[in-house]
Amino acid sequence: MESRVLFSSQLYFPPPVQNRDNSIAPSLLAPPSRNALSFSFPTPLTRSAMRIGQPLVKAAPIVAEVDDVSRRDGVIIIKRKKLAVFVSGGGSNFKKIHEGCSVGSVHGDVVLLVTNNKDCGGAEYARSNGIPVLVFPKGRREPSDGLSSTELVDVLREYGVDFVLLAGYLKLIPVELVQAFPKRILNIHPALLPAFGGKGLYGERVHKAVLASGARYSGPTIHFVDEEYDSGRILAQSAVRVNANDTPEELAKRVLREEHKLYVEVVAAICEERIKWREDGVPLIQSKGNSDEYY
Ligand code: GRF
């Protein structure tokens, strides 16, 4: 049986015809709008195991985890997701994700920006784009400005946040947040984990360590977040060549360009419910064009 999938979208469907839960009113579903993002694939909602080409994946069936998806009149509707982005610095990844939401390549919206540094570039960009800025954790100098861990979780829930995206946020994520958003917090790291990660390995230090090791490839890793630094399940990576005469700055620049592409692609996938968890706990991304392909 084939099912049609539609993504509700503020760009494609004007707000008055959207339901309060951001899904599309049934009257709009058939026939789909010329601009609607839709495709068909074999009933992913009901399959517990999927056929995949690679032997590694065949050995361990995939369990589809489905959230925020509903069926109406045989049509699968995927809710537009609410995203909270955490930054400490310039926020170039945050800006790319926000742009992806604005142009429709990401089926979601950044509803909150969280930072430990309220004057950073990312926070300024958020304010100038009408995105509320929260300070976390409480600062030593101005503790009244910041939120406690439980207050942060409460605010994220009040805003209906679906996913938390760490994009250059340098503080450890508190256990309260990890437990409140299981499998819903992502981080981007500028090297190929599990190497070159962990406490103290951030920013330029990462690229210096890569160069010192003699590794010929580096590149961003996007992983789920647990209670430790850089240790959660790896979701996506992209390889960047390390050149013989690279400086840390040059390598960082090339890796950052890849980060921008990879993070937007991954956020698009999570917003479209295309993350599937293999039985051994490895998360995979289902290809957009072919539901039998994973990467
Ligand atoms: C990126 O290199 C990211 O991998 C790391 O912090 C940096 C943030 O850069 N976690 P930006 O603030 O997104 O420009």
Side-chain angles (χ1 to χ4, degrees), residues 83-102 105-106 108 110 112-129 131 133-137 163-173 177-178 185-211 213 215 217-242 246-268 270:
L83 311 170
V85 184
F86 285 42
V87 305
S88 296
S92 65
N93 280 288
F94 159 47
K95 290 172 195 167
K96 292 292 172 189
I97 292 166
H98 179 252
E99 280 166 24
C101 296
S102 304
S105 46
V106 172
V110 180
L112 281 176
L113 188 281
V114 178
T115 184
N116 60 313
N117 176 6
K118 65 179 187 217
D119 299 320
C120 70
E124 275 170 24
Y125 176 88
R127 282 189 286 268
S128 60
N129 282 278
I131 299 167
V133 175
L134 302 177
V135 177
F136 177 81
F163 293 103
V164 170
L165 309 172
L166 311 185
Y169 183 71
L170 297 177
K171 300 283 181 184
L172 190 64
I173 294 301
L177 185 54
V178 175
I185 309 177
L186 291 177
N187 180 43
I188 187 158
H189 183 76
L192 296 174
L193 293 174
F196 311 113
K199 194 168 172 19
L201 272 174
Y202 58 87
E204 196 187 43
R205 295 179 188 198
V206 177
H207 304 292
K208 277 185 173 164
V210 169
L211 293 175
S213 75
Y217 287 93
S218 188
T221 299
I222 294 174
H223 63 95
F224 284 93
V225 171
D226 58 19
E227 286 91 345
E228 310 289 327
Y229 281 104
D230 304 326
S231 73
R233 289 287 190 177
I234 291 171
L235 176 60
Q237 292 185 310
S238 174
V240 170
R241 182 88 212 185
V242 178
D246 263 343
T247 63
E249 295 74 28
E250 286 165 344
L251 180 58
K253 216 169 156 185
R254 283 207 308 288
V255 171
L256 190 62
R257 272 204 299 272
E258 279 305 305
E259 290 186 33
H260 294 160
K261 282 189 243 160
L262 191 67
Y263 219 172
V264 173
E265 278 171 24
V266 167
V267 175
I270 60 170

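Worth knowing before you read on, the calculation uses all heavy atoms, side chains too, and leaves out hydrogens, waters and symmetry mates. Just so it is clear, the model here is predicted, and its values are computed rather than measured. Counting from 1, the numbers follow the sequence of the chain as shown. Just so you know, ligand 1 is whichever comes first in the structure, and atom 1 is the first atom listed for that ligand.
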Ignoring hydrogens and geometry, is there a side-chain-to-backbone donor-acceptor pair from Ser238 to Gly219 under 3.5 Å? no
Any donor-acceptor N or O pair under 3.5 Å, side chains Ser92, His260: yes
Will you find, in the side chains of Ser88 and Asn116, an N or O donor that is under 3.5 Å from an N or O acceptor?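 Asn116 and Ser88 do have a side-chain donor-acceptor pair below 3.5 Å.
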Worked check of salt bridge (Lys or Arg N to Asp or Glu O under 4.0 Å) between Lys261 and Glu265: CA-CA 6 Å; Lys261 282 189 243 160; Glu265 278 171 24; over 6 Å; no
Return yes when atom NZ of Lys95 has more than 12 non-hydrogen atoms of other residues, nucleotides or ligands closer than 6.0 Å, and no otherwise. yes
Parallel, tilted or perpendicular: which describes the rings of Tyr169 and Phe136, with under 30° parallel and over 60° perpendicular?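 The arrangement is parallel - the two ring planes meet at less than 30°.
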Considering only heavy atoms, which protein residues lie less than 4.0 Å from any atom of ligand 1?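 Lining ligand 1: Gly90, Gly91, Ser92, Asn93, Gly168, Ile188, His189, Pro190, Glu259.
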